[in-house]
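Okay, structure first, notes after.
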Amino acid sequence: MTNLQALCLLPILALANMFVKISGSSSIHPELTGPDMAYLNSRVVFNCSTPNYPLPVTYELIRDSGVRIDVRMNLQRDQPALFSLKVSATSEGSYHCKATTKRSTGVSNSIRLSVVTPASNTRVTSEPFPPVAYEGSRVILSCDVAKGSHLSYTWFFNKQEVTSSVSPFFHPTGNKLVMEMVTPEHAGWYYCEAWSIVQGNKRVSSSTVVQVTVKVYISKPKISFSISKVGASYFGNVTCWSSRGSPPVNFSLSLDGKEVGSETANEYLSAWFPVTMTPGMDMGVAQCWVKTELQELMSEPLTLEVVPVGGDMKVKVEYLYRADSTLAATRLHCQVSRGTFPYISWLLNDSVLPSKMHVDSYIQPGLPHYVLTNLSRTLILSELGQENTGYYRCRARDSYNDSGPWVESAAVLVPVTDRIWNCLPQAPSSTEIQSHALLATIEVITVVFCCFLLLMLAAGGVCVYRMFDHQQALTHTAVINSDEVPQSAPTFQSGGRPNTSSTDCDTQDQIEEITV
Ligand SMILES: *[C@@H]1O[C@H](CO)[C@@H](O)[C@H](O)[C@H]1NC(C)=O
Ligand SMILES: *[C@@H]1O[C@H](CO)[C@@H](O)[C@H](O)[C@H]1NC(C)=O
């Protein structure tokens with residue numbers, strides 16, 4: 001029984017022994033290490049090894065479909081099997097190694113080697129070319145290389161790196177920088193870098209700098225004119241200008257529909273045209289035209305007529321209060337009824353107030369403290385004192401005619417004493433008057449209606465009273481007209497007193513505060 005078992009085991013043991021021997025001899029597993037990327041013309045080293053495998057072993061480096069590149073044999077113990085290759089354009093492919101002993105052969109893992117060509121001759125091309133575009137249009141810049149593979153791209157705008165997170169107006173994709181809707185902020189200098197990196201070794205090729213120009217659409221032109229006197233004759237000057245736009249632009253002037261002049265503005269967005277002008281005469285309707293390669297716009301029409309200064313002159317006085325109801329300033333307006341180019345000056349007690357006053361030097365001994373604004377149409381007395389008190393007058397003449405006659409207003413007494421100031425009505429500002437004009441109208445209607453009601457009640461009361469007492473008759477009427485509705489400011493008659501009543505002293509209206 002045991003013999004039979006032993007007999008049966010023998011072939012199994014023999015088979016097992018054989019299997020062990022076969023498997024032992026074919027268990028050579030070489031391993032290939034080396035780079036998967038390399039620059040063209042560089043050197044790469046592959047290392048094939050079979051750790052702890054008894055020598056001798058023959059190593060072969062094999063490419064793709066079995067092309068043998070090189071062989072290493074008769075290596076000493078622990079000596080690596082190194083294969084050094086110069087990388088050419090044709091080196092790209094899969095590599096593996098084969099290890100062979102007398103009894104067995106093993107094949108390694110494979111490594112795919114990519115050949116990286118560094119970028120060269122990098123330049124920026126654009127669409128449109130040259131990169132000049134109107135605001136709102138699209139500009140695409142491309143970073144093009146003559147040679148290169150495995151490239152990444154970096155864009156620079158005015159020497160700053162462009163990243164889409166930093167500037168949402170830029171969309172770098174691949175080798176392109178897309179600007180969908182350019183704005184004047186996109187105008188500037190651009191360049192790109194094409195680069196690759198292999199084993200931490202970066203190779204960069206930079207382009208030259210390219211200027212991107214963003215053109216601005218021209219705005220509707222404006223028109224104005226001036227007049228000056230040269231000798232005995234007058235000279236008119238019509239100016240056309242646009243507030244935005246990219247030069248060059250062409251300005252032209254038409255007079256009554258006929259072109260009378262044309263000029264190309266290369267630097268500034270304005271042009272001027274001489275025209276004949278006679279004060280008091282209508283010289284026609286002028287209009288400015290502006291043209292660019294894309295646009296043509298015209299200004300509003302303007303009648304070229306210079307009306308000489310004339311008619312009535314008036315001074316209007318306005319008082320401005322602080323929040324604490326004290327007077328801050330007195331504002332005098334000169335109202336000229338006629339005149340296109342009036343030159344205005346002011347007189348105090350018949351002596352002329354100098355008009356060329358600077359804010360920082362307006363305090364001069366012997367002169368009242370004042371500021372002139374609005375082309376001298378407004379005189380602001382900011383200090384309250386005796387030197388500001390007096391008779392104010394304004395006068396005007398044609399600004400283009402130094403020897404022309406003056407037209408004068410009547411004198412207005414501006415009394416400036418503390419006693420009067422403390423008892424002036426609280427005047428709302430003129431803007432308040434405007435905003436409350438509607439309210440005032442409603443108030444007047446309400447008051448009139450209430451008065452009517454009161455009158456009816458009074459009349460009814462009287463009737464009832466009369467019914468009871470025929471001896472006594474009482475009538476009570478009140479008349480309110482719009483003149484008695486509180487005014488914006490007390491008006492002064494020439495040489496008179498302010499028409500204010502002391503009962504107004506305690507009203508607490510909201511007061512405009514000004515700084516002069
Ligand atoms: C005409 O007016 C423009 C702008 O106001 C000015 O620049 C130009 O010098 C004037 N021309 C003459 C001849 O005065
Ligand atoms: C102007 O004249 C009035 C009245 O004669 C006088 O009270 C006032 O002080 C004068 N003002 C100046 C600044 O001379």
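Every number for a ligand or one of its atoms is a count from 1 in the order of the listing.
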_Residue-level breakdown please: for Asn388 versus ligand 2, do any non-hydrogen atoms fall below 4.0 Å on the side chain, on the backbone, on both, or on neither?_
neither
*Taking all heavy atoms of Val336 and all of Ala396, pick out the closest pair and write down the distance.*
CG2-CB, 4.4 Å
*asked:* Looking only at the aromatic ring of each residue, does the gap between the centers of Tyr134 and Tyr217 stay below 6.0 angstrom?
replied: yes
*Quick one: side-chain contact (heavy atoms from CB on, under 4.5 Å) partners of Glu267, sequence neighbours excluded?*
none
*Answer yes or no: is there an ion pair linking Glu408 with Arg397, defined by an N-O contact shorter than 4.0 Å?*
no
*Tell me whether the centres of the aromatic rings in Phe170 and His186 are closer together than 6.0 Å.*
yes
Hey, can you pull the donor-acceptor pairs under 3.5 Å for the side chains in residues 191-198, sequence neighbours left out?
{"from": "Trp195", "atom 1": "NE1", "to": "Thr154", "atom 2": "OG1", "distance (Å)": "2.8"}
{"from": "Ser196", "atom 1": "OG", "to": "Tyr39", "atom 2": "OH", "distance (Å)": "3.4"}

*Give the protein residues with at least one non-hydrogen atom closer than 4.0 Å to an atom of ligand 1, ordered by chain and number.*
Phe235, Asn237, Thr239, Trp272
_Atoms in ligand 2 flagged as close to Thr389, the criterion being non-hydrogen separation under 4.0 Å_ = 8 (C), 10 (C), 11 (N), 12 (C), 13 (C)
*asked:* I'd like to check which ligand 2 atoms, numbered from 1 as shown, lie under 4.0 Å from a non-hydrogen atom of Asn349.
replied: 1 (C), 2 (O), 3 (C), 8 (C), 10 (C), 11 (N), 12 (C), 14 (O)
*ring pair (Phe, Tyr, Trp, His ring centres under 6.0 Å) with Phe273: which residues, sequence neighbours excluded?*
none
